[in-house]
Protein chains: 2
Amino acid sequence: MVRRQLYIVKIAVMGKSRRAKSRRKRAYHHGDLRTALIDAGLDLVARRGVQALSLRAVARHAQVSHAAPYHHFADKAELLAAVAAAGFDRMVAAIAQATVDHPPRSALEGLRAVGVGYLRFAFTHPAIFRLMFRPELTRPAAHPVLQNAEARAFGTLLTAIRAAQRAGELPGNDPAVPATFAWSTVHGLAVLHVDQVLRETPLGAVPIQELADAVVQLSIAGLQAAPRPEAVNGAPR
Amino acid sequence: MVRRQLYIVKIAVMGKSRRAKSRRKRAYHHGDLRTALIDAGLDLVARRGVQALSLRAVARHAQVSHAAPYHHFADKAELLAAVAAAGFDRMVAAIAQATVDHPPRSALEGLRAVGVGYLRFAFTHPAIFRLMFRPELTRPAAHPVLQNAEARAFGTLLTAIRAAQRAGELPGNDPAVPATFAWSTVHGLAVLHVDQVLRETPLGAVPIQELADAVVQLSIAGLQAAPRPEAVNGAPR
DNA sequence: CCTACCGATCGGTAGG
DNA sequence: CCTACCGATCGGTAGG
């Protein structure tokens, strides 16, 4: 307790003398370093990419020593998992915003908004998106915080599928396979774009937004057509 | 020239004395170190994952000093790009094998075989697959070898789509959007599985092979339904 | 929450 | 193709 007081005093003085140079500094020392580190991680990954996300770099970005994070996180993976979890929460917000921007007039349009929101988030925050799906950095199996955030994000998709099924706009009543398919579709486009793979193919010419709309559209078309597995067996349309 | 002879003699002797311990060693010194390094990279990534692919580790795995690779590759990225390119070639082979295993009776079945082959490769060689789509490690823009290999792989999909369009089994005559959609679909499932994301959702229960078949099926269904963009606007089936 | 320190690894180069 | 070496960075811990 006594020690903590001393820190705050010391830092307040430092903050004052350097205020012009880095105003952000003082804000990080009001007792919420944990949040400050997560914000620093989000900002750093957005600026410099996943590669730059060392524990020391995040600490530097938050203006603390590289030993400080260990006060709030067991190790590097736990810190990055928390950053990734924050990313999933932002993705959920982006999806919610997409349904606000284009109020759905049907359950299927609600589903489309989920896909559009997912892609919008990935395209707007490519580096964070990358981190969110890099299990060797975040070790999701060991970090319930991250798993829960993932579950919330996935839940928005699951809910939209279930709603469409209940409304009779999609066949079946088990959302598992349709959800996997819809997720695969938008996730695939997201990573192909974010990893700049499309750019190296003839497809690079088509504007990404056009591809995004088309892919979401085709995905829903596939879901609607679901209960005809024999269609592929060669019979012409 | 003289120097090279000396190396070979020296290594031959070493190889002899250690033959029981590492038979592979001698094979790496017949003048094709480049290939040996690529093979070592493929083997190493499969065993220990993308994380383990340092230039030095690859050299170690190939039983040469860590300076040796610079004789054949400008830097680490060029080596990893060559490994990734070899991965794309193996993927093309896997796709070809899938069409052999299940000879298509229609253009659409040919397209399905491409998707199944893609997924089979990803599931069989997850770590190599990961490397193939990690541009920060391979810097594809700087390595034509890799870009060409990517183009060959993508070409198999493009060809299958075009064939289906010409046969009248798929609508339209521009393969760009259908190819992007089909690729996104299988690629999305591949990375969600390889990155073990599905495992952390309720979907983890469904066997991956079942998901793979369903996703390919639904993808093709979406392509067939393509020319009805108004279908999503709420009209019940 | 900081300073100081550890061992380890890395990419790359000199120089033969 | 090797040995020896460089500078840099890293994750983590001691110890206060």
Side-chain angles (χ1 to χ4, degrees), chain A residues 1-15 25-37 40-41 44 48-81 136-139 142, chain B residues 1-15 25-37 40-41 44 48-81 136-139 142:
Chain A
M1 276 310 188
V2 173
R3 190 173 290 159
R4 184 163 188 188
Q5 291 295 341
L6 284 175
Y7 291 139
I8 291 173
V9 169
K10 179 176 110 189
I11 287 153
V13 172
M14 289 175 60
K25 182 158 191 168
R26 283 173 64 229
Y28 284 5
H29 294 269
H30 284 100
D32 202 1
L33 178 59
R34 186 191 153 84
T35 302
L37 285 167
L44 186 60
R48 316 255 181 240
V50 193
Q51 304 275 54
L53 272 194
S54 69
L55 188 147
R56 295 167 93 109
V58 173
R60 263 191 315 265
H61 205 61
Q63 312 258 30
V64 293
S65 81
H66 75 268
Y70 290 98
H71 217 66
H72 300 272
F73 302 97
D75 55 18
K76 182 191 178 183
E78 193 171 303
L79 168 58
L80 295 196
E136 71 272 26
L137 296 180
T138 58
R139 305 214 169 283
Chain B
M1 275 309 188
V2 174
R3 191 174 286 159
R4 184 164 189 188
Q5 290 296 341
L6 285 174
Y7 290 140
I8 292 173
V9 169
K10 180 176 111 188
I11 288 152
V13 172
M14 288 174 61
K25 182 158 195 169
R26 283 170 67 229
Y28 285 5
H29 293 269
H30 284 100
D32 201 2
L33 177 60
R34 187 191 153 83
T35 303
L37 285 166
L44 187 60
R48 316 254 180 237
V50 193
Q51 305 275 54
L53 271 196
S54 70
L55 189 148
R56 295 168 93 110
V58 174
R60 260 189 320 263
H61 205 59
Q63 313 258 29
V64 293
S65 82
H66 75 268
Y70 291 97
H71 218 66
H72 301 272
F73 303 96
D75 55 17
K76 180 190 179 183
E78 194 171 301
L79 168 57
L80 296 195
E136 71 271 26
L137 295 180
T138 59
R139 306 215 169 281

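Order of the sequence lines sets the chain letters (A, B, ...), proteins ahead of strands, with each chain counted from 1.
- Residue B/Arg60 places no side-chain N or O under 4.0 Å from the OP1 or OP2 atom of D/dC2.
- Atom NE2 in B/His71 sits about 17 Å away from atom P in C/dG16, given to the nearest Å.
- The line from CZ of B/Arg48 to OG of B/Ser54 is 12.0 Å long, rounded to the nearest 0.5 Å.
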Short heteroatom pairs, N/O only, protein and nucleotides 11-15 of chain C, under 3.5 Å:
| unit_1 | atom_1 | unit_2 | atom_2 | d |
| --- | --- | --- | --- | --- |
| C/dG11 | OP1 | B/Leu55 | N | 3.1 |
| C/dG11 | OP1 | B/Lys76 | NZ | 3.1 |
| C/dG11 | OP2 | B/Leu55 | N | 3.2 |
| C/dG11 | OP2 | B/Arg56 | N | 3.3 |
| C/dG11 | N7 | B/Arg56 | NH1 | 2.3 |
| C/dG11 | O6 | B/Arg56 | NH1 | 2.9 |
| C/dG12 | OP2 | B/Tyr70 | OH | 3.0 |
| C/dG12 | OP2 | B/Lys76 | N | 3.0 |
| C/dG12 | O5' | B/Tyr70 | OH | 3.4 |
| C/dG12 | O6 | B/Arg56 | NH1 | 3.4 |
| C/dG12 | O6 | B/His66 | NE2 | 2.4 |

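- The line from CG of B/Leu55 to CG of B/Leu80 is 7.5 Å long, rounded to the nearest 0.5 Å.
- Between B/Asp75 and B/Tyr70 the shortest heavy-atom distance is CA-CE2, 4.1 Å.
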message: Run B/Gln51 and A/Leu137 through side chain to side chain contact (heavy atoms under 4.5 Å, CB included) and show every step you take.
response: CA-CA 10 Å; B/Gln51 305 275 54; A/Leu137 296 180; 4.3 Å; yes

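- Residue A/Arg60 holds its CZ atom at 8.5 Å from CG of A/Leu44, rounded to the nearest 0.5 Å.
- Minimum heavy-atom separation, A/Glu78 to A/His72: OE2-O, 4.0 Å.
- Pairing analysis of DNA chain D (Watson-Crick: purine N1 to pyrimidine N3 plus N6-O4 or O6-N4; G-U wobble: N1-O2 and O6-N3; both under 3.5 Å) yields stems of 3 or more pairs at C:1-16 with D:1-16.
- A search for side-chain hydrogen bond (donor to acceptor under 3.5 Å, both in side chains) contacts involving B/Thr35 returns B/Asp32, not counting sequence neighbours.
- Closest approach of B/Leu37 and B/Val58 over heavy atoms only: O-CG1, 3.6 Å.
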